[in-house]
Amino acid sequence: MRLRPLILSLVLLGIASPLLARDKTDVLIMNNGDRMTCEVKGLDAGVLYVSFDYIDGTTSVDWSKVARLESKQLFVVKTEDGSVYTGELMTEETGANRPVQIKVLMEEREEVVNRSQVIRMVATSDKFWERFNGNINFGVIYSKGNQSTQFSLGSNTIYVRERWNAGYSFESNLSSNSGVNTSTRNSLALTAFHLLPPKNWLYGGVGGFLQSSEQSISLQTLLGGGIGRYLKNTDRANLMVLGGVAWQDTRYQQTKVPIGREQTAAALIYAKASFFRFSKTHFDGTVLVLPALSDPGRVRFDTNLTYYVKLFGKVDWNVSFYGNWDTQPPPGLSSSDYGTSSGLSWSFGLK
């Protein structure tokens with residue numbers, strides 16, 4: 001099917017996207033007085049990622065224990081209230097027991113923010129590949145008893161800029177059992193979001209493709225967009241909700257009773273949540289609800305939930321749940337397709 005070359009290209013994009021080495025020197029001083037000369041990669045989920053000339057790979061530092069930071073790199077700095085600044089970084093002098101303050105040195109002015117308010121920092125770069133962050137995961141489960149085999153392959157990549165980001169999420173699952181037809185599910189989700197002037201408000205678009213042998217879906221295409229808001233935006237949790245409208249086109253596999261091509265206009269409710277624990281575990285989840293406008297009473301649901309546990313370096317163990325439901329499927333077809341998978345993940349980019 002024509003979807004496969006596109007999926008393969010995006011997965012290869014994720015594999016080819018690790019950050020290239022840069023020659024920059026930053027200074028980091030911890031609360032206990034330790035001083036480190038390093039290269040700051042960025043901040044995400046309460047973890048400051050740094051690299052050293054004498055250590056292979058990227059090291060994780062607890063952001064809450066940083067007392068001073070100085071960098072001549074340009075960073076995009078995002079705060080809890082939705083503000084975005086771009087500039088060099090240095091730490092304001094403060095008295096004992098006072099909050100650490102980060103000064104962002106922009107071209108025309110300076111901005112001072114409390115360290116606790118900074119939730120994300122991304123080093124800007126003129127190199128295209130250095131703007132990608134994401135992970136690649138793979139899993140396999142085999143059971144001799146019923147000759148059951150399950151494969152899973154996934155990739156998530158996000159491209160980050162000052163006030164917008166775009167990304168994709170690909171999941172492929174194959175399950176085979178002795179004496180039963182092989183079941184496959186392939187999904188590709190596309191997103192793009194841009195911050196609005198009102199803090200923590202945004203507009204964005206979602207799209208994607210789905211193939212599910214369980215629901216006899218040959219190809220389902222989604223395109224939608226709307227207005228959203230960050231309900232929670234800290235270095236420990238992130239919750240965003242978006243509402244709008246969408247268009248969905250579904251083509252079914254050949255069955256005994258011909259089912260034509262379905263095109264549906266729908267309202268769109270999209271939610272994305274992330275929860276973090278310093279450099280140990282994190283959870284990512286998305287939920288998509290599509291109440292049909294052109295077919296009242298019909299609702300489609302789609303969800304992807306993944307829990308990660310860090311093993312070492314850039315390698316995590318993950319367990320995930322996926323599912324999609326249709327309250328009024330065509331006669332004779334399944335109303336749902338869901339399952340779980342587990343495997344290893346490798347992160348690239350910032351982490």
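Each residue takes its place number in the sequence, starting with 1.
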Check the surroundings of atom CZ in Arg236: do more than 12 heavy atoms from other residues, nucleotides or ligands lie under 6.0 Å from it?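 Atom CZ in Arg236 is crowded, with more than 12 foreign heavy atoms closer than 6.0 Å.
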For Lys310, does the NZ atom sit with more than 12 other heavy atoms under 6.0 Å from it, leaving out its own atoms? yes
Where the side chain of [X] meets the backbone of [Y], is there a donor-acceptor pair that is under 3.5 Å apart?
X: Ser294; Y: Ala265; value: yes
X: Arg68; Y: Arg35; value: no
X: Asp62; Y: Ser64; value: yes
X: Ser335; Y: Pro329; value: no
X: Asn32; Y: Asp34; value: yes
X: Asn200; Y: Glu80; value: yes
X: Glu88; Y: Glu70; value: no
X: Gln328; Y: Gly297; value: yes

Hey, is Arg251 close enough to Asp249 for a salt bridge, meaning N to O under 4.0 Å?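 Salt bridge between Arg251 and Asp249, a charged N being under 4.0 Å from a carboxylate O: yes.
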Between Arg185 and Asp302, does at least one N-O distance fall below 4.0 Å, as a salt bridge requires?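 The answer is yes: the pair qualifies as a salt bridge.
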Classify the angle between the aromatic ring planes of [X] and [Y] as parallel (below 30°), tilted (30 to 60°) or perpendicular (above 60°).
X: Phe276; Y: His282; answer: tilted
X: Trp325; Y: Tyr338; answer: parallel
X: His194; Y: Tyr203; answer: parallel

Set out, in order, the CA-CA distance, both residues' side-chain angles and the distance that settles side-chain contact (heavy atoms from CB on, under 4.5 Å) for Leu288 and Phe301, then state yes or no. CA-CA 6 Å; Leu288 178 66; Phe301 302 86; over 6 Å; no
Give me the one residue out of Asp44, Asn233, Thr79 that meets side-chain hydrogen bond (donor to acceptor under 3.5 Å, both in side chains) with Arg120.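 When side-chain hydrogen bond (donor to acceptor under 3.5 Å, both in side chains) is applied between Arg120 and each of Asp44, Asn233, Thr79, only Asp44 qualifies.
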Can you check whether Tyr159 and Trp164 have ring centres sitting under 6.0 Å from each other? yes
